[in-house]
Amino acid sequence: MTEATPIESTDAIGNSPASPQSLPWAARTRGLVGSIIDSSTSLLQRQTHDIVSFAMGSPAAEAVPFDAFRQIYDSVLADAGAAAYAYGATEGEVALRDELLAYLESTPERTSAERLLITSGGMQGLDLAGKVFIDPGDLVIVEAPTYTNGSATLLTYGADIMEAPTDDDGLMVEALPELVQKAGRLPKAIYVIPNFQNPTGTAMSLERRLLLLALAKEWGSIIIDDDPYGMLRFDGGHIPGFRELGGGDPLVFSVRTFSKILAPGLRVGWVDADPSIVAKLIDAKQTMDTCTNVPNQLLSAEFLRRGNLEPHLVRLRSEYHTRMSAMQTSLEAHFSGRATWTNPEGGFFLWLTFGEHVDTSKLFDLGLQKGVAFIPGRAFSVTGQFGNALRLCFASQTPERTELGISRLAEALDAL
Ligand SMILES: Cc1ncc(COP(=O)(O)O)c(C=O)c1O
């Protein structure tokens with residue numbers, strides 16, 4: 001083994017290095033809270049024993065269409081040569097924009113070229129929303145619980161986050177006027193995940209969507225409509241989304257991604273917003289990453305061009321339905337009378353709530369020892385609520401592994 005080079009303790013003229021505390025940090029770094037959800041990936045990778053992970057919101061490994069990807073890489077990308085690896089247009093590759101517009105035409109999300117911006121995943125769409133709309137101190141309403149990577153992104157722009165309650169029909173929109181009155185100012189934005197919410201798995205009712213649109217218009221607030229799971233409905237009827245209901249209203253800023261329906265590592269998503277906003281987003285994106293990963297845009301475009309997406313979604317919906325039902329069966333067997341949980345009609349997650357006395361952060365440590373992982377509820381609230389709840393991703397495990405994982409979780413609860 002070669003010896004590691006010792007870290008320098010003085011500079012070239014003999015001065016000691018600056019301490020991290022004395023660095024000229026931007027004030028904005030105080031709002032950088034990171035993500036407990038994402039950090040769990042590295043924690044789990046460090047474990048050497050068998051773990052059934054319900055932690056990350058990743059598609060099932062078997063659900064990623066590798067064979068189609070390989071074929072496309074070997075043919076289309078190989079044929080495109082260096083052009084596939086050059087800088088691309090900020091708004092996205094023409095091939096992907098055209099194919100996506102054509103695909104969306106057959107869905108309730110149909111849109112037009114000037115409303116479309118290809119992004120580096122859904123996270124970049126959320127970041128761009130923060131960048132162009134949020135000033136320090138602006139009030140932003142979020143669901144409690146919510147996807148805290150989304151609220152954390154808004155926090156980095158100085159948002160003053162206000163949590164609003166949710167139930168089985170999603171955000172309790174009827175509670176917002178009173179909350180806003182108490183806050184004494186109008187929200188600049190309302191961040192919602194309308195379909196198969198992360199982390200609860202519930203969908204917002206049509207009545208509430210309509211009421212939220214009406215309130216947003218009254219208040220002049222942007223609805224940040226984050227919907228990565230809407231195409232993964234496996235049960236129940238379609239509920240029109242904000243894009244559809246808003247009819248192109250500039251207050252609706254829709255964030256979408258291929259992460260959950262193709263693969264998260266592609267880092268390809270899109271924003272659908274008013275053309276005047278898209279023009280600003282292009283300027284904003286140019287100061288971030290210039291353009292989205294070109295080979296992965298071409299890969300996604302060709303996947304769409306071959307007509308692969310719709311049959312792929314049909315398979316995913318059926319598989320995730322099976323997996324969700326398997327998790328319900330295992331939960332009934334091991335947690336009946338000990339917890340309550342949601343019954344999603346799509347997406348990836350369900351939300352388990354115990355009695356007040358159960359601390360799921362402690363349960364996490366015991367679960368890890370027993371070989372099961374989840375995300376503790378506190379990770380989904382900026383104020384640390386939901387200490388007795390947890391999120392389970394049912395999408396990434398087979399029914400057999402789910403049964404094993406849920407039985408391990410029950411053992412961990414016994415030990416707690
Ligand atoms: C609600 C929600 N929004 C955004 C994202 C981020 O999507 P992406 O991986 O495409 O950045 C996720 C991923 O878990 C999510 O659940």
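Please read these numbers as outputs of a predicted model, since none were measured by experiment. For ligands, and for the atoms within them, numbers begin at 1 and follow the listed sequence.
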Summary of ring-ring contact (aromatic ring centres under 6.0 Å, His included) pairs that have at least one residue in residues 76-101, sequence neighbours excluded: none

Residue list, salt bridge (charged side-chain N to carboxylate O under 4.0 Å, His left out) with Asp359, at least two apart or on another chain: Arg378

Asn388 side chain to Phe354 backbone, donor-acceptor under 3.5 Å: yes

Pairing residues for Phe386 by the ring-ring contact (aromatic ring centres under 6.0 Å, His included) criterion, not counting sequence neighbours: Trp351

Under-4.0 Å salt bridge between Glu91 and Arg97: no

Close aromatic pair by centroid cut-off 6.0 Å: Tyr229 and Phe349: yes

Near ligand 1, at a heavy-atom separation below 4.0 Å: residues by chain and residue number: Gly121, Gly122, Met123, Tyr147, Ile193, Asn198, Asp226, Pro228, Tyr229, Thr257, Ser259, Lys260, Arg267

